[in-house]
2 protein chains.
Amino acid sequence: MRDFSRSLPMSLLRAREAVMRQFRPKLREHGLTEQQWRILRALAAIEAAEVTELARTAFLLGPSLSRILRDLEARNLIERKTAQADQRRSMVSISKEGVKLMASVAPSSEAIYAEITRRFGARKLAELQEMLGQLELCLASVDASDEIADDA
Amino acid sequence: MRDFSRSLPMSLLRAREAVMRQFRPKLREHGLTEQQWRILRALAAIEAAEVTELARTAFLLGPSLSRILRDLEARNLIERKTAQADQRRSMVSISKEGVKLMASVAPSSEAIYAEITRRFGARKLAELQEMLGQLELCLASVDASDEIADDA
DNA sequence: TGAAGATACTTAACATGTTAAGTTAATGCG
DNA sequence: CGCATTAACTTAACATGTTAAGTATCTTCA
C-alpha cells in the first residue's frame with residue numbers, strides 16, 4: 001500500500017497543523033480556542049446570524065456549535081434572541097465584550113497571518129488556496145448524490 | 001478584518017474535510033475511525049514501533065494515541081510488548097486480525113484515493129502536495145526556537 | 001551508589017468531532 | 001381543525017484534540 005504519510009489527507013493535516021500552531025498560543029492567551037475564534041470572527045462580519053447559517057460559515061457541526069454558543073453566551077461574548085417570525089430559530093450576535101475581545105486579538109492574528117504570507121510567499125499562497133478551492137469543488141460534486149437533485 | 005472564510009486555515013480545513021468525507025463511510029463500515037486507520041496503516045508498513053515513534057508517524061498526540069492503542073489492543077487488532085532493553089518503552093505491532101482487517105479495507109481505500117486523483121488530476125495533486133510540503137517546511141523553522149538548538 | 005533529572009508513557013480534565021436521538025415549533029394537507 | 005411531516009436546534013454518547021499532571025524507568029554525575 002501507498003506510504004500513507006505522503007497521502008493527501010496527511011499532507012493536508014500536517015499543513016493545517018503547521019499553520020494553526022502559529023495561531024493557537026496567542027488565542028490561548030485570550031482564553032479562546034480556534035473554534036471559538038472562528039465563531040467570533042464570523043459574527044463580527046455580520047449583524048446577526050441563525051445558528052444553522054453560523055454553522056455553515058464557521059464550518060462547524062451543529063452539536064459542536066450548540067456547545068460553544070452555550071459557553072460563549074455564558075462568557076457574555078455573544079447574545080442570542082429567538083426570532084419572532086419563527087420560534088425555532090435563534091439569532092446570534094456578537095456582544096460589546098465580544099467586539100472588544102476581537103479588537104484585542106485581531107492585531108496579533110493579522111501579524112501572524114502576514115508573517116505566514118511573507119514566509120511562504122503571497123503569490124504561492126494565492127495559488128495554494130486556488131488549488132485547495134478546486135479540490136474542494138471537484139469533490140463536492142461527489143457528495144451531491146446524497147442531497148436532493150434540485151438541479152435535475 | 002479579512003474575510004476569514006477565505007483564510008488559509010479555513011481553506012485547509014475545508015479541503016481536508018472534503019477529502020476525508022470520501023473515506024469515512026467506508027472506514028465506518030469496518031468500525032474504524034480515521035485515526036485508528038492511520039495507526040493500522042503505519043504499523044502495517046513496519047514490523048514494530050515504539051509509541052513515540054508511532055505518534056510521530058501517524059501524526060497523533062501522545063494522549064490520543066494512548067487511548068486508541070488501548071482500544072485497538074482490546075479489539076485484538078494490535079499487540080504490545082515492553083522492550084526488554086528499556087522497560088519504559090513498549091513495542092507495538094499489528095496483529096494477524098489487524099492485517100486481515102487492513103486487507104479488507106485497503107482495496108476500497110485505494111479505489112477512493114484513485115477516484116480523487118482522477119477527479120483532481122494526478123499532476124495537480126502532486127503540485128498541491130508539493131506546495132503543502134513547502135508550507136509545512138517554511139513554518140516548521142519558526143517553531144524550532146522552542147526546541148534545543150542542536151544545529152547551532 | 002544514590003539522589004536529581006530526564007525519558008516514555010499514561011491519566012486526567014476539558015473542548016471539539018461525529019453520529020444518533022430527542023425537543024420544540026412550523027408546515028402541509030386531509 | 002388536527003395529525004403527520006419537516007425543520008431548527010439541543011442533548012447524548014463516544015472518540016479524538018490539547019494541555020497539564022502523574023508514574024515508572026532509566027541516566028548521570030557528585
Residues which pass side chain to side chain contact (heavy atoms under 4.5 Å, CB included) with B:Lys26, listed by chain and number, not counting sequence neighbours: B:Glu29, B:His30, B:Ser108, B:Ile112
Nearest to the side chain of B:Ser90, heavy atoms from C-beta on, is which of C:dA15, C:dC9, C:dA26? C:dC9
Among D:dG17, C:dT19, D:dC26, which nucleotide has an atom closest to any side-chain atom of B:Gln35? D:dG17
Output the residues of residues 45-53 of chain A in contact with DNA chain C, where contact means a heavy atom of the residue under 4.0 Å from an atom of the strand; sort by number or write none. none
Strand contacts (DNA chain C) in residues 61-76 of chain A, 4.0 angstrom heavy-atom criterion: A:Leu61, A:Pro63, A:Ser64, A:Arg67, A:Ile68
Got [X] and [Y] here, is their nearest side-chain heavy-atom distance under 4.5 Å?
X	Y	result
A:Trp37	A:Ser109	yes
B:Leu54	B:Leu69	yes
B:Ser5	B:Arg14	yes

Side-chain atoms of residues 124-134 of chain A: list all donor-acceptor pairs with protein atoms under 3.5 Å, sequence neighbours left out, distances to 0.1 Å.
{"from": "A:Lys124", "atom 1": "NZ", "to": "B:Gln134", "atom 2": "OE1", "distance (Å)": "2.2"}
{"from": "A:Gln129", "atom 1": "NE2", "to": "B:Arg6", "atom 2": "O", "distance (Å)": "2.7"}
{"from": "A:Gln129", "atom 1": "NE2", "to": "B:Ser11", "atom 2": "OG", "distance (Å)": "3.0"}
{"from": "A:Glu130", "atom 1": "OE2", "to": "A:Gln134", "atom 2": "NE2", "distance (Å)": "2.7"}
{"from": "A:Gln134", "atom 1": "OE1", "to": "B:Lys124", "atom 2": "NZ", "distance (Å)": "2.3"}

Closest non-hydrogen atoms of A:Leu40 and A:Met102, given as atom of the first, atom of the second and distance, are O-SD, 3.4 Å
In short, B:Leu32 meets B:Arg75 closest at the heavy-atom pair CD2-NH2, 4.0 Å
Separation of atom [atom1] in [X] from atom [atom2] in [N], rounded to whole Å:
X	N	atom1	atom2	value
A:Leu60	C:dA15	CG	C1'	12 Å
A:Met91	D:dC9	CE	C1'	14 Å
B:Arg56	C:dC9	CZ	C1'	16 Å
A:Phe59	C:dT18	CZ	C1'	13 Å
B:Asp86	D:dT25	CG	P	10 Å
A:Arg80	D:dA8	CZ	C1'	12 Å
B:Phe23	C:dT18	CZ	P	15 Å
B:Arg89	D:dC26	CZ	P	10 Å

Let me check something: do A:Val99 and A:Ile68 share a hydrophobic cluster, defined by ILVMFWY side-chain heavy atoms less than 4.5 Å apart, either directly or through other members? yes
Using the rule that Ile, Leu, Val, Met, Phe, Trp and Tyr join whenever any side-chain heavy atoms are under 4.5 Å apart, tell me whether A:Val51 and A:Met91 fall into a single cluster. no
Given DNA chain C, 5'-ward residue of the pair B:Arg28 and A:Thr33, judged by closest heavy atom: A:Thr33
Ion pair check, A:Glu73 and A:Arg70, cut-off under 4.0 Å: no
Salt bridge flag under 4.0 Å for residues A:Glu17 and A:Arg24: yes
Under the rule for side-chain hydrogen bond (donor to acceptor under 3.5 Å, both in side chains), what residues qualify as partners of B:Ser64, not counting sequence neighbours? B:Arg67
May I ask you to evaluate whether A:Gln36 reaches the phosphate of C:dT16, defined as a side-chain N or O under 4.0 Å from OP1 or OP2? yes
What nitrogen or oxygen pairs link the protein and nucleotides 3-6 of chain D at under 3.5 Å?
none

